[in-house]
Peer 1: 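I'd like to ask you about the structure that follows.
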2 protein chains.
Amino acid sequence: MKTGALQTAMDAPRGGRPRDPQIQRAILKAAADLVLEIGFKVMSIDAVAVRAGVGRMTIYRRWPNKAAIVMDAFVARVDPGTLFIPAKNYLDSIRLQMRSMAKAFRGRDGSLIRALLAEAQFDPELATALRERWTMPRRRMAISYFEEGMRKGILRPGLDPDAIIDVLYAPIYYRLQMGTGPLSDAYIDEIFDHAMKGIKRE
Amino acid sequence: MKTGALQTAMDAPRGGRPRDPQIQRAILKAAADLVLEIGFKVMSIDAVAVRAGVGRMTIYRRWPNKAAIVMDAFVARVDPGTLFIPAKNYLDSIRLQMRSMAKAFRGRDGSLIRALLAEAQFDPELATALRERWTMPRRRMAISYFEEGMRKGILRPGLDPDAIIDVLYAPIYYRLQMGTGPLSDAYIDEIFDHAMKGIKRE
DNA sequence: ACCATACGATATGTACCGTATCGAAATAAA
DNA sequence: TTTATTTCGATACGGTACATATCGTATGGT
């Protein structure tokens, strides 16, 4: 334990009054709501406590800072989310997965991960937690899926799976943060097509 | 004037003592140094004032907040930077430009733009300023260059220039922020090759 | 019964923000 | 030369948020 990353409920203490599991959910819900309503930066921990109807110490006893709370709120929402969707053909499954991610980013999850990614630039611990709990699990799944595609002869052999991920998914994060255009399905399809066929002639 | 974006030196007042141009540079230098040494989040405006040897009011008279200072420090450094490098062949020019950008991001500029991009997620005015003063000028140049490539028959015709930009450049920003790997020339070449030839077989 | 902890509430000290004000200096206009 | 206006360093001020500490009560294990 104590991997260095941000923890959720920390280790359960030995004796004494047990923690009310209801409170955990109330805090995460309040935090997620407030991030959407007033934004991560403006939201104070005290505001979360008031909204959740708990004392501020109850929050500090469980999380070290604001980012850690939002991090837990995010993974609690998204963990049961869709990952890779089996489709009739291999390539379409990738495209649908990209669409599904874009759809999530258009909604609540988009606001949360935008705040987390930004805050992670200033907080190495949060960056580690985000990488371990969000980024890397998805990258590992994608890598094995792309390797399967190369074995099947659908994808060009000898490619670097990491680079494939970046070419396909980085644009989604880019638009999410830069706001150079909407994260529409049409945009996803364009990125998908360009990356698949290549942008060079022939 | 007053476009809503963050301003630099604001309009010069009518009479009175003129502003010392030396001070402007001292502040920007101090801010850039401090961002690198202790990080954007930790850096206080007071610390910038002390480092630059000026009063805090002298800073508030010129910039509305911390992000605006760093923004100016960034563009002051990078404006005379390389944009598109003419090379012997069309495609190699793109690749070299991507490498040049990655090189800048590996150094001082990388830390600055990382902080600016992150902070822009919480500050709509900064987001606008960053888009107008950094992102869009470069996108416009890239668009015209890619359109030229399509006219010449080097790039696949009928592509969306915006999507081309994203496939090529978003991975660079992605690595800069996610830290999933180094922004090496080898990585740039991989992204370039994958995007050019496509990752699908045939 | 006893102990350890959770819980809400409140107090505390620190840090930074953004504004206001001061006296001196520098310049343009009268 | 005089006067008005602005910059400049310095400092005081009120406000807000953070993170910790403490109090009295509640809740459960041993």
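First the proteins, then the strands, lettered A, B, ... as listed; each starts at 1.
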Peer 1: What is the distance, to the nearest angstrom, from the NZ atom on A:Lys66 to the P atom on D:dA19?
Peer 2: 9 Å
Peer 1: Decide yes or no for B:Ile199 and A:Val167: does some side-chain heavy atom of the first lie under 4.5 Å from some side-chain heavy atom of the second?
Peer 2: no
Peer 1: I need the CD1-P distance between B:Ile23 and D:dT6, as an integer number of Å.
Peer 2: 17 Å
Peer 1: Just say parallel, tilted or perpendicular for the rings of A:Phe105 and A:Tyr173, cut-offs at 30° and 60°.
Peer 2: perpendicular
Peer 1: Taking the side chain of A:Tyr60 as its heavy atoms from C-beta onward, which of C:dC7, D:dC8, D:dT20 lies nearest to it?
Peer 2: D:dT20
Peer 1: Whole-Å distance between D:dT27 C1' and A:Gln22 CD?
Peer 2: 16 Å
Peer 1: With nearest nucleotides of DNA chain C determined for B:Asp46 and B:Pro18 from heavy-atom distances, which residue corresponds to the more 5′ nucleotide?
Peer 2: B:Asp46
Peer 1: Side chain of A:Arg62 only, heavy atoms from C-beta on: which candidate in D:dT6, D:dC18, C:dC7 is closest?
Peer 2: C:dC7
Peer 1: Starting from C1' on C:dC17, measure out to CD on B:Glu119 and report it in whole angstrom.
Peer 2: 14 Å
Peer 1: Between protein and nucleotides 1-4 of chain D, what N or O pairs are separated by less than 3.5 Å?
Peer 2:
none

Peer 1: Counting heavy atoms from C-beta on, name the nucleotide in D:dC18, D:dC8, C:dT19 closest to the side chain of A:Ser44.
Peer 2: D:dC18
Peer 1: Do A:Asp193 and A:Arg95 sit within salt-bridge range, that is, some charged N less than 4.0 Å from a carboxylate O?
Peer 2: no
Peer 1: Rounded off to whole Å, could you give me the CH2-to-P distance for the B:Trp63 and D:dT7 pair?
Peer 2: 13 Å
Peer 1: Looking at B:Lys152 and B:Glu148, is any side-chain nitrogen of the basic one under 4.0 Å from a carboxylate oxygen of the acidic one?
Peer 2: yes
Peer 1: Between atom CG in B:Asn65 and atom P in C:dT19, what is the gap in whole Å?
Peer 2: 11 Å
Peer 1: Just list the side-chain donor-acceptor pairs under 3.5 Å for residues 30-39 of chain B, sequence neighbours left out, or say none.
Peer 2:
residue: B:Asp33; atom: OD1; partner: B:Arg108; partner atom: NH2; Å: 2.8
residue: B:Asp33; atom: OD2; partner: B:Lys29; partner atom: NZ; Å: 2.9
residue: B:Glu37; atom: OE1; partner: B:Arg51; partner atom: NH2; Å: 2.8
residue: B:Glu37; atom: OE2; partner: B:Arg51; partner atom: NH1; Å: 3.3

Peer 1: Taking NZ from B:Lys41 and P from D:dA17, how many angstroms apart are they, rounded to a whole number?
Peer 2: 15 Å
Peer 1: Using a cut-off of strictly less than 4.0 Å, decide whether B:Arg17 has a side-chain nitrogen or oxygen near OP1 or OP2 of C:dA25.
Peer 2: no
Peer 1: Could I get the full list of side chain to side chain donor-acceptor pair (under 3.5 Å) partners for A:Lys88, not counting sequence neighbours?
Peer 2: none
Peer 1: Run the side chain to side chain contact (heavy atoms under 4.5 Å, CB included) test against A:Lys41 and tell me which residues pass, sequence neighbours left out.
Peer 2: B:Glu119, B:Phe122
Peer 1: Could you list the residues that satisfy salt bridge (charged side-chain N to carboxylate O under 4.0 Å, His left out) with B:Arg106, not counting sequence neighbours?
Peer 2: B:Asp185
Peer 1: What is the distance from atom CD of A:Gln177 to atom CZ of A:Arg114, rounded to the nearest 0.5 Å?
Peer 2: 8.0 Å
Peer 1: Can you check the B:Arg61 CZ to C:dG18 P distance for me, whole Å?
Peer 2: 16 Å
Peer 1: When you measure from every atom of DNA chain C, which of residues 47-59 of chain B have a heavy atom less than 4.0 Å away?
Peer 2: B:Arg56, B:Met57
